Amino acid sequence: MSQTNQKGGGAPCHVAIIMDGNGRWAQRRFLPRAEGHRRGVRSVRRVIEAAAQSGVRYLSLFAFSSENWKRPADEVNALMGLFATALKKEAQAMRENGVKLRVAGDLSAFSKDIQESVKESEAMTAHGETMTLTICANYGGRWDIVEAFRNILRKDPSIAQEPERVTEALVDANLAFDWAPPVDLMIRTGGEQRISNFILWQAAYAELYASPRLWPDFDENDLKEALDWYAGRERRFGMTGEQIKALGHGE
Ligand code: IPE
Ligand code: IPE
Ligand code: MG
């Protein structure tokens, strides 16, 4: 999908969120980190609803990175448990609210139970038209790009002999979530200002917004603040501000 300028007032079409700060939220309360993750699920619910109401068409949430396996086993297990439960519990509500659920990431590392729940939830919500929600689980931006190249070669090994046939559009079409347009707004909660191997390719021109709020505290007002900030940005895609203004007048 082509990138278009989103000028003042418009809701971003695709919002991606690095949901960070669950551990610190719990530690500040002398609670186990898993409790922070549990509370984080509430924020997920709130933000899905608020994003859909604000006109966001694609919401992508970073739930578990390909590097998060390095965490202590009990924390990884707690995260897997929450993922499995949330999938089963939330799919019906998503269906009722017109949310189409997709999961992006290397699911082969997950239990059979989770893989089944993903398939069921995706099938159950397949007709949703209000917003497409992508949960990124065992996802990494670098993994995504490497997989895209592997897919290209798997489908057509002869391309290795004619590398000029590899185009940006071809890579785009082979990425994990080829159903979503480029990311317009990338939000990271928890105060850090890094991408941590989240969406790389499709975030090439994303506006970056860092919220100091820890994810379990992030609510609809914080999302609104981020969307308002986005509405005031001038996206230039390599052009000059004058060119962008001239384009605006022409519409
Ligand atoms: C984000 O919160 C959730 C996951 C990475 C799964 P963290 O667990 O990273 O929270 P902090 O950054 O340690 O506070
Ligand atoms: C990014 O957060 C991953 C998710 C939010 C799922 P991390 O907490 O893993 O990132 P780093 O390690 O601080 O960069
Ligand atoms: Mg973190």
Side-chain angles (χ1 to χ4, degrees), residues 14-48 50-51 56 58-87 89-90 101-111 114 117-118 133-147 175-177 180 183 185-203 206-219 222-223 226:
H14 185 174
V15 176
I17 308 184
I18 303 171
M19 309 183 289
D20 195 29
N22 293 349
R24 277 164 286 164
W25 185 93
Q27 281 163 337
R28 282 179 198 176
R29 289 163 179 76
F30 304 101
L31 295 167
R33 292 177 62 87
E35 184 57 23
H37 297 312
R38 211 174 62 77
R39 287 294 293 256
V41 177
R42 290 194 200 176
S43 297
V44 171
R45 211 174 287 135
R46 269 199 305 249
V47 166
I48 293 171
V56 171
Y58 296 86
L59 177 67
S60 301
L61 301 177
F62 205 5
F64 191 84
S65 80
S66 34
E67 288 73 36
N68 287 146
W69 295 108
K70 294 179 197 161
R71 294 194 178 196
D74 60 342
E75 183 167 345
V76 171
N77 289 339
L79 283 162
M80 292 299 143
L82 279 172
F83 185 41
T85 317
L87 273 174
K89 246 171 84 175
E90 307 295 334
L101 173 74
R102 304 295 308 257
V103 178
D106 182 3
L107 292 182
S108 65
F110 291 132
S111 68
I114 290 185
S117 299
V118 167
L133 168 71
T134 304
I135 300 290
C136 299
N138 196 17
Y139 177 86
R142 288 179 174 176
W143 165 85
D144 197 354
I145 294 170
V146 169
E147 272 305 301
L175 287 162
F177 41 113
V183 177
L185 171 64
M186 186 180 278
I187 299 173
R188 180 169 186 140
T189 65
E192 311 292 356
Q193 292 179 291
R194 55 178 175 260
I195 300 174
S196 300
N197 200 19
F198 193 26
I199 300 169
L200 297 176
W201 179 280
Q202 306 95 322
E207 299 290 327
L208 306 175
Y209 182 89
S211 164
R213 200 82 75 203
L214 301 174
W215 179 249
D217 292 329
F218 194 85
D219 64 13
D222 298 309
L223 179 71

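Side chains are part of it too, since the values below use all heavy atoms of this structure and drop only hydrogens, waters and symmetry mates. One-based numbering, in listed order, for ligands and for the atoms of each. These numbers come from a predicted model, not from an experiment.
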Closest protein heavy atom (residue, atom, distance) for atom 1 (C) of ligand 1
M19 O, 3.0 Å
Within the 4.0 Å heavy-atom cut-off, what R71 brings close to ligand 2 is side chain
With a 4.0 Å cut-off on heavy atoms, is R188 in contact with ligand 2?
yes
If we set the cut-off at 4.0 Å for heavy atoms, which region of E192 has an atom near ligand 2: side chain, backbone, both, or neither?
neither
Answer yes or no: does atom CZ of R213 have more than 12 heavy-atom neighbours from other residues, nucleotides or ligands under 6.0 Å?
no
Assess whether atom CZ of R142 is packed by more than 12 heavy atoms of other residues, nucleotides or ligands within 6.0 Å.
no
Report yes if S65 has an N/O atom closer than 3.5 Å to an N/O atom of ligand 2; otherwise report no.
no
Which class fits the ring pair Y139 and F177: parallel under 30°, tilted 30 to 60°, perpendicular over 60°?
tilted
For N77, the side chain to side chain donor-acceptor pair (under 3.5 Å) test, sequence neighbours excluded, returns none
For ligand 2, indicate whether the residue F198 contacts it via side chain, backbone, both or neither (heavy-atom separation under 4.0 Å).
neither
Residue portion contacting ligand 2 (non-hydrogen atoms closer than 4.0 Å) for A63:
backbone
Have a look at R24, R33, E67 and point out the one with the heavy atom closest to atom 13 (O) of ligand 1.
R33
Suppose the cut-off is 2.8 Å; how many protein N/O/S atoms fall inside it around the Mg ion (ligand 3)?
1
Closest protein heavy atom to atom 11 (P) of ligand 2, given as residue, atom name and distance to 0.1 Å
S196 OG, 3.6 Å
